[in-house]
Amino acid sequence: MRRKPVVLVTGANGEVGHGLVFALHKANQYDVLALDLREPDPEIRDLCVATIVGDVLDKHLLDRLVSEYEIHAIFHLAALLSTRAEFTPETAHAVNVEGTLNLLKLAVEQSRWHGETVKFLFPSSIAVYGLPDLTTKTETGRVSENQWTLPTTMYGCNKLYCEQLGRYYSDHYRQLAVEDETHGGVDFRAIRFPGLISAFTVPSGGTSDYVPEMIHAAAKGEAYDCFVREDARITFMAMPDAIKALLDLMAADASKLSGRVYNIGAFNPSAGEFAHLVKQHFPQADINFKPDLKRQGIVDTWPADVYDFRARDDWGFAPEYDLERTMTEYLIPNVTKRYA
Ligand code: AKB
């Protein structure tokens with residue numbers, strides 16, 4: 001009995017999940033199986049071969065997926081983001097780490113059944129970095145993948161450890177087994193995403209949320225109290241570039257990849273610079289800076305910029321949206337329409 005070949009997207013109802021399901025449907029290479037804690041929104045539900053409401057911690061549910069579907073790739077997006085994770089660190093560890101471990105095990109089992117490698121795309125984060133103080137952050141400027149990986153949040157620790165788990169399952173799993181497993185097993189590939197800005201969804205639970213929150217508040221005509229200082233600076237990216245990066249990394253020839261974890265970036269305005277840009281388009285925008293010193297403390301440990309030449313060299317990463325184009329061609333027209 002042939003099972004349906006699919007791509008599994010966990011966290012399909014989330015910010016990245018929404019855009020990814022649309023992009024996968026448009027690419028029309030795989031049927032999409034969506035898994036989320038909540039019933040996926042109608043507009044993505046209709047693009048999927050099936051939508052499963054469930055928890056990545058539910059091993060029985062995952063076993064059922066193995067019996068019913070032939071999974072050839074997994075985009076594992078389900079996670080608790082950095083701010084939310086600080087309020088429930090043990091729950092965040094369970095979801096972010098044990099959930100990822102469950103999906104890696106599912107990938108190994110699937111690979112054993114259909115004999116092909118299962119590509120495992122994993123959204124890591126700039127949260128894996130931990131600059132010790134603002135002076136060091138300023139002096140360091142850009143970081144490469146092997147610098148300052150000393151995260152100060154549970155989310156950052158989770159993401160860094162899951163990178164290691166993915167490398168283990170891809171390159172060392174069952175290394176002492178007697179049988180020589182010929183098929184590839186798991187092909188884990190991770191991107192350390194910057195703050196992501198979507199015109200269609202408003203983030204929740206992230207520490208980089210101040211930029212998307214600011215533009216959506218301005219478009220709604222609502223006052224916005226920004227929880228970081230005007231000089232707070234980290235990397236950001238328009239959601240279309242994040243989705244494209246996931247698909248490009250998935251499509252990349254494994255022989256061209258120099259590693260399993262990649263930085264990518266697009267632009268890095270300070271919060272004040274972004275507010276100035278928002279006011280150019282929404283002159284009535286009421287933006288106030290009222291730093292939450294604890295959340296600001298997290299942002300101060302994240303790098304102001306990253307080196308992403310490995311992603312550019314290995315799999316052709318090239319963001320299509322700089323800050324100006326993100327505002328004028330992606331955000332303004334879409335958020336204006338959304339709140340018209
Ligand atoms: C967060 O703020 O937690 C995320 C991230 C930068 O990974 N948006």
Side-chain angles (χ1 to χ4, degrees), residues 10-11 13-20 75-89 91-93 95-97 99-100 121-131 137 143 145 148-163 190-216 226-229 232-243 245-246 261-271 274 291-292 294-306 308 311 319 326 331:
T10 72
N13 223 19
E15 281 224 277
V16 179
H18 255 83
L20 180 65
F75 291 85
H76 176 42
L77 308 176
L80 263 65
L81 298 186
S82 57
T83 293
R84 179 161 295 155
E86 286 307 298
F87 291 101
T88 55
T91 302
H93 181 278
V95 172
N96 294 344
V97 176
T100 301
L121 278 296
F122 182 74
S124 185
S125 162
I126 54 172
V128 304
Y129 295 110
L131 283 297
K137 171 171 176 171
V143 298
E145 286 87 350
W148 294 111
T149 50
L150 299 167
T152 64
T153 60
M154 173 58 92
Y155 170 78
C157 293
N158 297 159
K159 288 298 186 181
L160 188 62
Y161 176 55
C162 286
E163 291 176 5
I191 293 175
R192 287 180 181 167
F193 281 118
L196 300 181
I197 313 171
S198 170
F200 303 101
T201 54
V202 184
S204 63
T207 313
S208 66
D209 292 355
Y210 58 90
V211 159
E213 286 175 353
M214 196 186 289
I215 184 79
H216 281 267
C226 182
F227 58 81
V228 295
R229 297 186 311 264
R233 189 183 301 275
I234 56 173
T235 49
F236 285 92
M237 176 175 288
M239 189 60 77
D241 276 335
I243 304 301
L246 281 171
V261 180
Y262 289 92
N263 279 341
I264 62 173
F267 45 82
N268 64 336
S270 70
F274 192 79
D292 171 336
K294 295 187 186 306
R295 294 180 84 181
Q296 177 66 61
I298 292 173
V299 170
D300 286 343
T301 68
W302 293 356
D305 204 351
V306 297
D308 58 12
T326 296
L331 287 174

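Please read all numbers here as calculations on a predicted model, not as lab measurements. Indexing begins at 1, ligand by ligand and atom by atom, following the structure's order. Start at 1 with the first residue, then count along the sequence.
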Nearest to [atom], what protein heavy atom do you find, and at what distance?
atom	answer
atom 3 (O) of ligand 1	Ser82 OG, 2.6 Å
atom 8 (N) of ligand 1	Ser208 OG, 2.9 Å
atom 5 (C) of ligand 1	Ser125 OG, 3.5 Å
atom 2 (O) of ligand 1	Thr207 N, 2.7 Å

Looking only at side chains, do Tyr210 and Arg295 share a donor and an acceptor under 3.5 Å apart?
->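 Distance-only check fails for Tyr210 and Arg295.
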Does the side chain of Gln296 come under 3.5 Å of the side chain of Asp292 through a donor N or O and an acceptor N or O?
-> no
Considering only heavy atoms of Gly206, which atoms of ligand 1 have at least one such atom less than 4.0 Å away?
->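 Atoms satisfying the 4.0 Å criterion: 1 (C), 2 (O), 3 (O).
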What atoms of ligand 1 come closer than 4.0 angstrom to any heavy atom of Leu81?
->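 Those qualifying, in numeric order: 3 (O).
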Who pairs with Asp241 by side chain to side chain donor-acceptor pair (under 3.5 Å), at least two apart in sequence or on another chain?
->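 Testing Asp241 for side chain to side chain donor-acceptor pair (under 3.5 Å), a comparison that skips the adjacent residues, returns none.
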Set of residues satisfying side chain to side chain donor-acceptor pair (under 3.5 Å) with respect to Ser208, sequence neighbours excluded | none
Decide salt bridge (charged side-chain N to carboxylate O under 4.0 Å, His left out) for Asp305 and Arg233; before the verdict, give the C-alpha distance in whole Å, the side-chain angles of both, and the deciding distance to 0.1 Å.
-> CA-CA 8 Å; Asp305 204 351; Arg233 189 183 301 275; over 6 Å; no
